[in-house]
Each structure stands twice: as structure tokens, then as C-alpha cells.
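These notes concern the structure reproduced below.
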Amino acid sequence: MALEDEMLRQRHERLAQIRELGFEPYGHAFEYTHAVPDIWAEYGQKSAEELANRIEVRVAGRIATIRRMGKAGFLHLLQNGEKLQVYIKKDAVRESNYKLYELLDNGDIIGVTGYLFRTKTGELTVHAEEIVFLSKIMLALPEKWHGLEDIETRYRQRYLDLIANQDVRNVFVTRSKIIASLRRQLDARGFLEVETPMMQLLYGGAAARPFVTHHNTLDTDLYLRIAPELYLKRLVVGGLERVYEINRNFRNEGISTQHNPEFTMLEFYQAYTDYRGMIELSKDLLRQTAIDATGSSEVTYEGRKLNFGNFRQLTMREAVLEFWRGADKPSLADLKDPDWLLRHSQEKSPGLALADLFERYAEEHLIEPTIIYEFPAEISPLSKNNADDSDFVDRFEIYAAGMEIANAFTELNDPQEQRRRFEEQLARKAGGDEEAHVMDEDYIRALCYGMPPAGGEGIGIDRLTMILTNSKSIRDVILFPLLRPEGEIGLVEKLRSLAP
RNA sequence: GGGCCGGUAGCUCAGUCGGUAGAGCAUCGCACUUUUAAUGCGGUGGUCGCGGGUUCGAUUCCCGCCCGGCUCACCA
């Protein structure tokens, strides 16, 4: 018999034994006086003498390790990422309780009532006086000191990863702090959090291929949104002058260490400001988020220092110049010369060519937090033209660790110009560009009612989290990243064969 | 989608120049009433990712496939 089957059978028998002792193998509730981290916070520094006046506690958690020694034993309870030792002695608990202790498995969830003391070696420990059974483990937990390392299992069974690897738990705690910090900062500035459709009749607000789904009753195909942008700007038209949304976008494209098909974006819009206002707001938001998440505006990513209190600022052309490799280094004048640009890229227009050069030469080298501005209009169908050079738009992106983490611009609020841009995109779509923007006539109609001048920005929460948690892959900051189907698990069959 | 790397016990890994496998932990049994990777002794546990081919014989060699990782392409 395979070991797993054997273990299931043994533990199934233990369920009955636990019941025979008068305990429920799956408890209903347990009121603890302290969570394990609270015990450490309150008593972690107390000496054996200070603990001598019987401090009674009720604690709960999952058994992480268990060491039995004849008529006594120790176990560690794991709760909220921290462990607390429990000591059980045969003549200190009821007989049935000691028998229950003898049935415990690594991974069971129990509650313990007792008093605090320090062992000979000085470890803060609960001297158990009563054990309550709360939940039975039926399978084997990963091994105790190598933990769970298999990447596939970590992603597929994230719950095991969270139990076995406390640093993984901390990544997701930090992710939550990042989102809470951004929310708090935006709320404090008078932004209103809103929710806009995830299922849309038309997709827009970004250059990407969408997922398609179908609504049966309406008999209509719907797209999972690739961005909330056009809906948020409709709200700005409607007088919600400061809005933001933190939610998922879906893009039907490749998967990599920097891309997951569903990912989380913060988008925010502020009326009566422009991209310069967004630059200042971004600097404040990111600096404070880094501090709230990590305790410092300076973080280490892959061994390199990134200071979110100090942003570099370069135009796209300056960035190409700075990171140019090769002998034929161009001048700034070359980068403004359409013919020169077209000679140095496969792209068909000067603006696309400049963006291409930027991506090829500069992007991966933008390690320090850097603001890149002066974007070509061709790659920015929703941004307002620059007043001095209509081939460019008032747009910037923020890069760090070689990744784009934010994208922002002065919003295009001229419906006539927006119509022209959409039609330009339609022409590109006709030319085979699957990611070109579609025409959204209702959005044009909204602009025709007048949108105040506004700045808007999107920040990629997953990538920001990667940087602030020093994670190499986006899958390490998404609890359940998309994976291919796993195949047969076979557990249901085994459980059925054990059932009464 | 292309290239490279990987998949051996529940976990972490070794190994077989082709003769059907091993360690530690976990698990089971015994001993042990302040342990810390508890300790000591003894056991159980494997369709070596899946399917073909070559061979007297394949976990090992060859081909195809599945799953994962990295990377390129694409993208944020």
C-alpha cells in the first residue's frame, strides 16, 4: 500500500479514536485569550521569575513540530506566522486529555489552556492543563526544515507554501500593506474609490488582446476588461473629480516572470491637474508606500539599492542616448530626425521607432526609480498632445528594477482629437495589429459633454509588490498564479473508499 | 510558439557507463516526565512524469507527449 494511502487510513482511524475519547475531530469554535504573536509581544521579554505567578492563557494553532518523551512531550503551535511551544505532562492533565495528546499528528489544529513558564533552556512555553481538538490533518505536511521547495507544488497548493514558508506569508502580508497604504493615501487626498465593469461590451484603455466570454440571457459576447480607464474617465465627466479603482485587469497574452493573465492595477484620475501634477503625486505615493510596506523608502532588489525617495527623470530620448550601446552613438538631434529613427528600427513610423529603441536600449537598465517622459503620440491614443510638439504627448512612465510600474498622462479631453486617434487605431487594426484600440463611440459621446482637464495614472500593483518584497517572479506575489491543469489528483476516490 | 534545464518515497535529495533503486526527515512499533533538527533501537513505504521504440532486459539509451522553471518573442 502506498504511504499516502496508509497514512490516510491511519488518520481516518484516529478520527474514531478521537471521538471515543469524547472529543470532536472537527471543532466549532475556540476562544483564545491571545493569538500566538500577542503572546510573544506581551510575554516574550518576561523572565522565569516574572512568569511565576501563573499567567493563564488559551492559545490555538496548527501543530508544527511534536517531540514526545515517554510520559511528557513538547509541541510547537503555529499561528499567524509565529510559533509557540507547549509542554504536556501526563500528571498535569486529565487522563483522556493525555490520551488525546498521544493521538496528535503533526499538522493537527488544537487549542490549549495552560500557564506560561520558561523551560530549562529558557524558551517561553505554555504548560498545558487542557487540550481541545479543533481540526484533523489527513495528509502529510511538508518536511520540517527543508520545507516545501517544489515551485509547482508551491503555486498549486499555496496553502502548503504558506504553512511551510513564513517568508512567503510575509510577501503577502506586505502586498496587503502596499494596497492599504495606497488606499489610505488616496482617500486622504479626497479620492473616491469606485468599481467599474470587469465585463465589458467593448474593451479599451490599453493595447492588448482580451478574453472573451458570453452572457447567456442577453446572448451577447462580453470582454473581460483590459483596463478600467475609459469608465473611470466617464466618471470624471460626471463630476467625480477624484476617483480610483484597485482591481483586476485581464490580458490574453503571454505569461512570464513579469506577466500574469490577470493582474492588479491601481488607476486614479484627478480633475484640473495634468501629468506634472501626476508626477508629484506619484513620487509621494510611491515613497510613502515603500515606507509603509518595508519601513524605508530605500529597498534592496536583487542586491541593488532602489530609493523611492529619489526619482531620476529623463525624457524617452535622453534615456535612449544614455543607454545606447555601440559605436554609432546618436545625438539628440538624430533622435528628433524621423529619417534617422526609421533607419534604426523595423517600425513604420518615427514615434514607434523611438519607442522601439527605448525598449531595446534603455528599459532593462532603468533600475533606480526613474520617470520617463515625452512619449510619441502614436503609442498614446488616450493622452493629450504636447502644446509645443503635437507628435508628442504629455505622458510619463515610471520604471524601477528594469520594469514599467506606472503609466500616466494628461488625459485627452478633446472629443474631435479622440475620434481622430481612435480612427488611427482602427486603421492599424485593419493593418493586422491585434492590440490596436477599438472605437468606443459612447466614450466619445461622454467627452462631447465636456471632461475637465485631468491627469490619470495606472500603477501595477503586482510589479510594485515584486520590487518591495524582492521577488523575482510575478507568480511569487500572486497567491494563485495561472497554471496549466494539473491532471488526476485521485484523492476523492481514496476518501470515498474510507467513508462509512 | 522557439531554445535550454528539470520531474526518482509524503517532503528534501542521491543514484543506476542498461541488470527493475537509496539517504535524511516524515510515518509505524518499542524505550524515555524540561525537549529544541530531541535521542536510541527496529520496521513500513517507489507503476523512477506518461506513452511508444531499441534490447535477452529500460528508471537509465532513442522518439513523442504532459507538467514546471529559466530565457527569447509578445506584453504591463
Side-chain angles (χ1 to χ4, degrees), chain A residues 1-11 13-14 48 64-76 83 85-93 98 101 105-107 117-123 125 127 137-157 160-161 163-165 205-209 226-227 249-267 355 359 363 379 397-399 402-407 433-435 458-464 466 472-476 481 483-488 491:
Chain A
M1 188 189 278
L3 187 72
E4 195 183 41
D5 302 357
E6 175 69 15
M7 187 169 290
L8 262 177
R9 197 184 50 72
Q10 284 163 359
R11 292 183 177 182
E13 281 169 15
R14 263 172 215 164
T65 56
I66 188 160
R67 294 176 292 284
R68 303 172 199 278
M69 298 170 306
K71 299 181 182 61
F74 291 88
L75 54 86
H76 272 106
K83 289 177 185 168
Q85 186 166 254
V86 173
Y87 176 58
I88 297 136
K89 191 162 72 160
K90 187 167 187 178
D91 47 25
V93 295
Y98 196 75
Y101 153 75
D105 284 311
N106 240 327
F117 76 112
R118 280 193 186 275
T119 61
K120 275 182 185 168
T121 52
E123 181 166 343
T125 302
H127 196 295
I137 189 169
M138 298 298 285
L139 297 168
L141 234 37
E143 189 227 342
K144 62 186 163 196
W145 69 85
H146 292 99
L148 179 65
E149 308 216 329
D150 182 78
I151 293 172
E152 187 174 350
T153 308
R154 287 186 41 225
Y155 293 159
R156 287 198 196 280
Q157 295 179 263
L160 289 182
D161 197 22
I163 292 167
N165 300 318
R209 285 146 69 193
I226 58 173
N249 291 342
F250 307 87
R251 299 190 186 173
N252 205 341
E253 286 165 356
I255 296 175
S256 77
T257 49
Q258 293 173 33
H259 302 84
N260 194 62
E262 55 176 314
F263 63 102
T264 302
M265 278 273 271
L266 160 65
E267 283 203 15
E359 282 167 22
E363 182 168 359
I379 58 167
E397 290 185 339
I398 303 176
Y399 287 82
M403 292 187 288
E404 181 194 331
I405 58 170
N407 174 25
D433 183 351
E434 289 188 84
E435 287 162 2
I459 294 179
I461 297 298
D462 311 277
R463 288 182 179 178
L464 180 60
M466 285 171 68
K472 245 179 89 176
S473 170
I474 200 166
R475 285 174 222 111
D476 292 325
L483 298 176
R484 288 190 161 84
E486 178 180 8
E488 283 301 306
L491 186 58

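Throughout, a chain's letter reflects where its sequence line sits, starting with A, and its residues are numbered from 1. For clarity, every value in this text was computed on a predicted model and none was experimentally measured.
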Can you measure from [atom1] ([X]) to [atom2] ([Y]) and round to the nearest 0.5 angstrom?
X	Y	atom1	atom2	value
A:Met403	A:Glu397	CE	CD	13.5 Å
A:Leu483	A:Tyr155	CG	OH	8.5 Å
A:Glu267	A:Asn249	CD	CG	6.5 Å

Of all the choices, [options], which nucleotide is nearest to the side chain of [X] once you look at every atom?
X	options	value
A:Leu148	B:C11, B:A38, B:U33	B:C11
A:Lys71	B:U33, B:C11, B:U12	B:U33
A:Ala207	B:C67, B:A76, B:G69	B:A76
A:Arg484	B:C67, B:C70, B:U35	B:C67
A:Arg67	B:U35, B:U33, B:C70	B:U35

statement: Dot-bracket assigned to RNA chain B with the 3.5 Å Watson-Crick/G-U criterion, [ ] for crossing and | for other-strand pairs, is (((((((..((((.....[..)))).(((((.......))))).....(((((..]....))))))))))))....
message: Judged by each residue's nearest nucleotide on RNA chain B, which is more toward the 5′ side, A:Lys90 or A:Ile151?
response: A:Lys90
query: Taking the nucleotide of RNA chain B with the closest heavy atom to each, which residue, A:Gly122 or A:Gly254, is nearer the 5' end?
result: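 The residue mapped nearer the 5' terminus is A:Gly122.
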Tell me every residue that passes salt bridge (charged side-chain N to carboxylate O under 4.0 Å, His left out) with [X], counting only those two or more places apart in sequence or in another chain.
X	answer
A:Glu143	none
A:Asp433	A:Arg428
A:Arg209	A:Glu434

Sub-3.5 Å pairs of nitrogen or oxygen atoms, protein against nucleotides 24-27 of chain B:
unit_1	atom_1	unit_2	atom_2	d
B:A26	OP1	A:Lys144	NZ	2.8
B:U27	O2'	A:Gln10	OE1	3.3

Would you kindly give the [atom1]-to-[atom2] distance between [X] and [N], to the nearest whole Å?
X	N	atom1	atom2	answer
A:Leu483	B:G49	CG	P	20 Å
A:Leu139	B:A9	CG	C1'	15 Å
A:Lys120	B:A38	NZ	P	18 Å
A:Glu359	B:A76	CD	C1'	10 Å
A:Arg68	B:C30	CZ	C1'	14 Å

Going by side-chain contact (heavy atoms from CB on, under 4.5 Å), name the residues that satisfy it together with [X], two or more places apart in sequence or in a different chain.
X	answer
A:Gln10	A:Glu6
A:Thr119	A:Phe74, A:Gln85, A:Phe117, A:Thr121, A:Glu123, A:Thr125
A:Ala207	A:Glu435

task: Please indicate yes or no: is the ring centre of A:Phe74 less than 5.5 Å from the centre of the six-membered base ring of B:A38, with the two planes inclined by under 30 degrees?
output: no
Please work out if [X] contacts a base, only the sugar-phosphate, or nothing of the nucleic acid, heavy-atom cut-off 4.0 Å.
X	answer
A:Gly487	nothing
A:Tyr155	sugar-phosphate
A:Glu397	nothing

- request: Please name all residues satisfying side-chain hydrogen bond (donor to acceptor under 3.5 Å, both in side chains) with A:Thr257, sequence neighbours left out, ordered by chain then number.
  value: none
query: Distance between the C1' atoms of B:G68 and B:C30, in whole angstroms?
result: 42 Å
- prompt: Think A:Arg475 has a side-chain N or O under 4.0 angstrom from the OP1 or OP2 of B:G68?
  reply: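 False: A:Arg475 side-chain N/O out of range (4.0 Å or more) of B:G68 OP1/OP2.
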